[in-house]
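Input: a single structure, listed below in structure tokens.
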Amino acid sequence: MKPEIERLLNAALARLTGPVLAEAPAPASVVIERTRDPQHGEFATNIALRLAKAARKNPRELAAAIVAALPASELIARTEVAGAGFINFHLAPGAYAAELARIHAQGEAYGHSTRGGGERVLVEFVSANPTGPLHVGHGRQAAFGATLANLLRATGHDVAREYYINDAGRQMDILAVSVWVRYLEAGGEVLAFPENGYRAAYVLPLAQALRERVGARLQHGASAVLAGLPADAPAGDKEAYIDALIERCRALIGAAGFREVLDLSLALMLADIRGDLAEFGVVFEQWTSEREFAESGAIDHALEVLRRQGRLLEKDGATWFRATEFGDEKDRVVVRENGVKTYFASDIAYHLSKYERGFTRLLDVLGADHHGYVARVRAGLIAMGCPADCLEATLIQFVSLFRGTEKIPMGKREGQFVTLRQLREEVGNDACRFFYLIRSHDQPLDFDLELAKSRTNENPVYYIQYAHARVASVMKQLSARGLSFDRAQGLAHAGALASPHEQAVFSALTRYPEILEQAAIGRAPHVLAHYLRELANTLHTYYNAEVFIVEDAAVRNARLALVLGVQQVLRNGLALLGVSAPESM
RNA sequence: GCGCCCGUAGCUCAGUUGGAUAGAGCGCCUGGCUACGAACCAGGAGGUCGGGAGUUCGAAUCUCUCCGGGCGCGCCA
């Protein structure tokens, strides 16, 4: 409906360009909104107010001129100038019924658009280090990224989802040595666990798997392991200690042995993460290993691009990227004094590779603690010749878990944390997805386990599902009474559904395509979640106010056509959120 | 110290490319099941939109400043 009104309005503005308006208004400035008050019709625009100043016209006069220039349309019954210069659009009686027919005809494709123009978008999300299971914060990023990708796809973008595996750094070495120490312990050795190691319980099965794989081949005595090592914290430096321990480990079991421990740990952690996400309904087209990426020479390629552009300099024995020339606050090292490339170098190279693979829009879904690095990566991309706006980062605020009013402490290294898997098993995937998505991403989330689990009216999760199931229940009741639904008759008579409740349902129902666009453009899945709640509310209200299964077949079929339309849109919207739409509950 | 995000009803939060009378859920109060599902609905109370100043026809929304909270500022990953 809205695109048609946009078309009419743009036609009117085009006619006025020249005689009344000096120049054509930018398409983005033409904003059409739903009205809040039915007295104002169904749609309204403030375009006359926005253009009045530039046109040196009284807003109401300009509005009148625009109204006069509007082409006729079957969609619109009448237009009027109101208030300070708003233009209100009143829909023609059959407009809603025609849209309802579209819902029935298009089914699960209803609401989709081609507005994205097939733009190639890469959504990178989660990308958690494979040094441990996903925690509840990653769950929020997973739900957000997956739904954002769904929204972009539904609005006509060519979307790929990608997980970047940070498997190359020192943290992986620390995981490997943590597994090895547990393996030694299981072999009967007694030694203090490194302060900086991963001491959480998930390391134990990794050590167990290692023993099953290699037997006692990598076993060494505690005295040989610890001899000559610096003191661990609290007396010494835990960083220096763990580094020394890693070196000792390499010396004792050899580079190949160390690699074996690391690869096994990595493979198992990754399998856990993949499985967890898959069970959560989150899948990726591509998993990129940082290690394989680095070994492919891609970082050297990126550095070469920068060098050709003259954006590198040598200073203090290191190689620097002149990031300050591209909006960053300081220059950044890309190759350290010791010849090792920095994480930053690998990161801009990775982003360059996305662009070189043909993606013109790079969406990074990141934890809020990563905001510091966005400017640098963007600077790198610009320096390498990418458009300034190709990289877009969405920062997801943190999740705090509560059991009722009691906050559950989190700390990854200490192993005191709730995993996404535990959360899903306790509250269920549907409640998880919904709770993650109901809040705006830039708002910290307090996730109450008790609330998410509860089957009471305090829990918003079931409200929408209940509306969906309720329609299914009505249809069951219909057949139980020996009646059947006549869609053609229902749609033919839908225009006669004129009660305030029915108009409210129509109004909410036909907003769906606008909501999808708004949620996609704003990178705001919560807009869809809130909308579905509103739509469910109009359905419940209608249900309580009027009986659908009445004697009059025309009225009955029209009402059923309407509530089936609601059910369809609820199903479509829930699918995008990754929440199931049950027939009964 | 510098940068980013946030501050809206008792609680949790929508609303922010400036727009018509600031909304929802929960909680509280009052009503509605011999009814197509009461996991529902109707009504009510509840607000200096953190404080102040500015921009203009119009500010929760934009600018400045102050207060309060979160996060980030490595030749770590």
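To find a chain, count down the sequence lines: A is the first, B the second, and so on, and within it residues start at 1.
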Integer-rounded Å distance: B:C36 P and A:Leu483 CG: 13 Å
Six-ring centre of A:Phe326, A:Arg378 cation under 6.0 angstrom, axis tolerance 45°: no
Under 3.5 Å, which N/O atoms of the protein pair with N/O atoms of nucleotides 1-6 of chain B?
residue	atom	partner	partner atom	Å
B:G3	N2	A:His371	NE2	2.6
B:C5	O2'	A:Asp442	O	3.4
B:C6	OP1	A:Asp442	OD2	3.4

Proximal nucleotide (of B:G72, B:U21, B:A39) relative to the A:Arg36 side chain: B:U21
Among B:G37, B:U12, B:G18, the nucleotide that comes nearest once only the side chain of A:Arg439 is considered: B:U12
Residue A:Ser473, side-chain heavy atoms: nucleotide from B:G19, B:A20, B:G37 that is nearest: B:G37
Could you go through nucleotides 30-34 of chain B and list every protein N or O atom that sits under 3.5 Å from one of its N or O atoms, giving the distance for each pair?
none

Output a table of nitrogen or oxygen pairs between the protein and nucleotides 75-77 of chain B separated by less than 3.5 Å.
residue	atom	partner	partner atom	Å
B:C75	O2	A:Glu337	N	2.8
B:C75	N4	A:Asp316	O	3.1
B:C76	OP2	A:Arg336	NE	3.3
B:C76	OP2	A:Arg336	NH1	3.3
B:A77	OP1	A:Arg336	NH1	3.1
B:A77	OP1	A:Arg336	NH2	3.2
B:A77	OP2	A:Arg336	NH1	3.3
B:A77	O3'	A:Gly169	N	3.3

Phosphate-side-chain proximity, A:Arg481 and B:C36, N/O vs OP1/OP2 below 4.0 Å: yes
A:Arg60 vs B:C57: side-chain N/O to OP1/OP2 distance below 4.0 Å: no
Spacing between A:Phe86 atom CZ and B:A20 atom C1', to the nearest angstrom: 5 Å
First encountered from the 5' end of RNA chain B, between A:Ile438 and A:Glu546: A:Ile438
Validation row, ring centre A:Tyr542 to ring centre A:His501 under 6.0 Å: no
Over all atoms of both residues, closest heavy-atom pair of A:Pro525 and A:Leu577: O-CD2, 4.2 Å
Under-4.0 Å salt bridge between A:Arg250 and A:Glu247: yes
Residues, nucleotides or ligands: over 12 heavy atoms within 6.0 Å of A:Lys238 NZ: no
Phosphate contact (B:A20 OP1 or OP2) by A:Asn46 side-chain N/O below 4.0 Å: no
Side-chain N or O of A:His530 closer than 4.0 Å to phosphate OP1/OP2 of B:G23: no
Aromatic contact, A:His90 with A:Phe43 (centres under 6.0 Å): no
Charged N-O contact under 4.0 Å between A:Asp263 and A:Arg291: yes
Assigned partner base of B:G7, Watson-Crick or wobble definition, under 3.5 Å: B:C67
Minimum-distance nucleotide to A:Tyr462 side chain [options: B:C71, B:U17, B:A39]: B:A39
From B:C40, B:G37, B:C13, nucleotide with atom closest to A:Tyr543 side chain: B:G37
Distance below 4.0 Å between A:Tyr463 side-chain N/O and B:C41 OP1 or OP2: yes
